[in-house]
2 protein chains.
Amino acid sequence: MAGTKQATTTVSGPEFACPVSPVVDIVFSRWTTPVLWALHTYGRQRFVELERRIGTITPKVLTQRLRQLERDGLVVRTYHPEVPPRVEYEISELGRSLAPLFAHLTEWGAAHLGRVEEARRAYDADPARPRP
Amino acid sequence: MAGTKQATTTVSGPEFACPVSPVVDIVFSRWTTPVLWALHTYGRQRFVELERRIGTITPKVLTQRLRQLERDGLVVRTYHPEVPPRVEYEISELGRSLAPLFAHLTEWGAAHLGRVEEARRAYDADPARPRP
DNA sequence: CCGTATCCTTACCGATACTG
DNA sequence: CAGTATCGGTAAGGATACGG
């Protein structure tokens, strides 16, 4: 999805087409949920820990997401001026307020994801659907 | 966002990095929430109505999203073989099960979006942050 | 260790034109 | 009306290498 970008580059995206879109833009842009999840689940941690935890994310993208989340006030970055430098990230109070939302999302997934898979199989198997 | 694409093109995206990601991929990819919202709020309607309601979406993209949502079982498409042809879209039972989720999202936005804006202003005004 | 800088690829999206 | 076809632009994302 588009992400929060720097400010407001998009002039007429989906952002204003429905009331949930602004929230989606902030919370559910690419890679943000894994980051928030790791932070929420395993607590305050360093850059490399996050990187390893998430697995396939590149440092560049991880930095981007963390900056965005920091700017939006969902994550707190703490810089310790030592050698070697140490930086820690943690969920903010505001970020923590998303926890029930994430819980509901997970629940919905557990309850209905099977249905989605099933629907996809049915759709793909139907010879009467519009073909590419 | 990436979207659900046709099946599973991405080999190592965020999809498996946290339990909410699969749901996000299905429900919160670009333009899906405005479409679902319009369908949920105004009920069963035709292609052009949706197009006009959402405002800035192009027919091509609207078709893509509708197909994806149909495939995932969140939306039901009904084709009436008349002249001129008539097609109607409506939320499925499965799609309707997302309603409480959307409500919570909207609530969260109403309660906390101001905080996010505030955090952004503070961040952008801070001269000590990492500069581009 | 914690990032940045650079290059490059591709997915996505808008615009436009056209068909059953 | 309800789409499909094609083209092209743009920006996010990955790979890699390097710096403080």
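All values below were derived from every heavy atom in this structure, side-chain atoms included, with hydrogens, water molecules and symmetry-related copies excluded. Model, not experiment: these values are computed from the prediction. Residue numbers start from 1 in every chain, and the chains themselves are labelled A, B, ... in the order their sequence lines are given, proteins ahead of strands.
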Q.
Could you work out, with side-chain hydrogen bond (donor to acceptor under 3.5 Å, both in side chains) as the rule, every residue matching T41(A), not counting sequence neighbours?
A. W37(A)
Q. Nearest of dG13(D), dT4(C), dC1(C) to any side-chain atom of P59(A)?
A. dT4(C)
Q. Within 45° of the axis and under 6.0 Å from the centre of the six-membered ring of Y89(A), does NZ or CZ of R44(A) qualify?
A. no
Q) What is the distance from CD of E82(B) to C1' of dG20(C), rounded to the nearest Å? A) 15 Å
Q: State which residues pass side-chain hydrogen bond (donor to acceptor under 3.5 Å, both in side chains) with T32(B); sequence neighbours excluded, sorted by chain then number.
A: none
(Q) Looking at the base of dG14(D), is there any donor atom on it, or on the side chain of K60(A), that sits under 3.5 Å from an acceptor on the other one? (A) yes
Q) So, is R67(B) near the phosphate of dT4(D), with a side-chain N or O under 4.0 Å from OP1 or OP2? A) yes
Q: Starting from the 5' end of DNA chain D, give me the residue, P85(A) or T58(A), whose nearest nucleotide shows up first.
A: T58(A)
(Q) At 10 degrees resolution, what angle do the end axes of the helix from dC1(C)-dG20(D) to dG20(C)-dC1(D) form when each is taken over five base pairs? (A) 50°
Q: Check the distance between dG3(D)'s C1' and Q68(B)'s CD and give it to me in whole angstrom.
A: 18 Å
Q. To the nearest Å, how far apart are E51(A) CD and dC2(C) P?
A. 9 Å
Q) Who passes ring-ring contact (aromatic ring centres under 6.0 Å, His included) against H104(A), sequence neighbours left out? A) H104(B)
Q. Any side-chain N or O of R77(B) under 4.0 Å from OP1/OP2 of dA2(D)?
A. no
**Q.** Separation of dA2(D) P from L62(B) CG (nearest whole Å)
**A.** 10 Å
Q. Contact class for Y89(A) vs. all strands (heavy atom < 4.0 Å): base, sugar-phosphate, or nothing?
A. sugar-phosphate
Q: To the nearest Å, give me how far apart OH (Y79(A)) and P (dC1(C)) are.
A: 14 Å
Q. If you check every side-chain atom of V48(B), which of dG3(C), dC1(D), dC13(C) has the closest atom?
A. dC1(D)
Q. Below 4.0 angstrom from OP1 or OP2 of dA2(D), is there any side-chain N or O of R86(B)?
A. no
Q | Any residue meeting ring-ring contact (aromatic ring centres under 6.0 Å, His included) with H112(A), in chain and number order, not counting sequence neighbours | A | W108(A)
Q. Looking only at side-chain N and O atoms, does R46(A) come under 4.0 Å of OP1 or OP2 in dG3(C)?
A. no
Q. Nearest to the side chain of R30(B) - dC13(C), dG14(D), dG3(D)?
A. dC13(C)
**Q.** Which nucleotide in dG13(D), dG3(D), dG3(C) has an atom nearest any side-chain atom of Q64(A)
**A.** dG13(D)
(Q) Could you tell me how far apart E49(A) (CD) and dG3(C) (C1') are, to the nearest whole angstrom? (A) 16 Å
Q: Under the side-chain contact (heavy atoms from CB on, under 4.5 Å) rule, collect the residues that match up with R86(A), sequence neighbours excluded.
A: R46(A), H80(A), E82(A), E88(A)
Q.
Looking at L105(A), is its backbone amide N or carbonyl O close enough to the side chain of E107(A) to form a donor-acceptor pair, meaning the two atoms are under 3.5 Å apart?
A. no
Q | Selection from dT4(C), dG3(D), dC2(C) that lies nearest to any side-chain heavy atom of F47(A) | A | dC2(C)
Q. Quick one: W31(A) CH2 to dG14(D) C1', roughly how many Å, whole number?
A. 11 Å
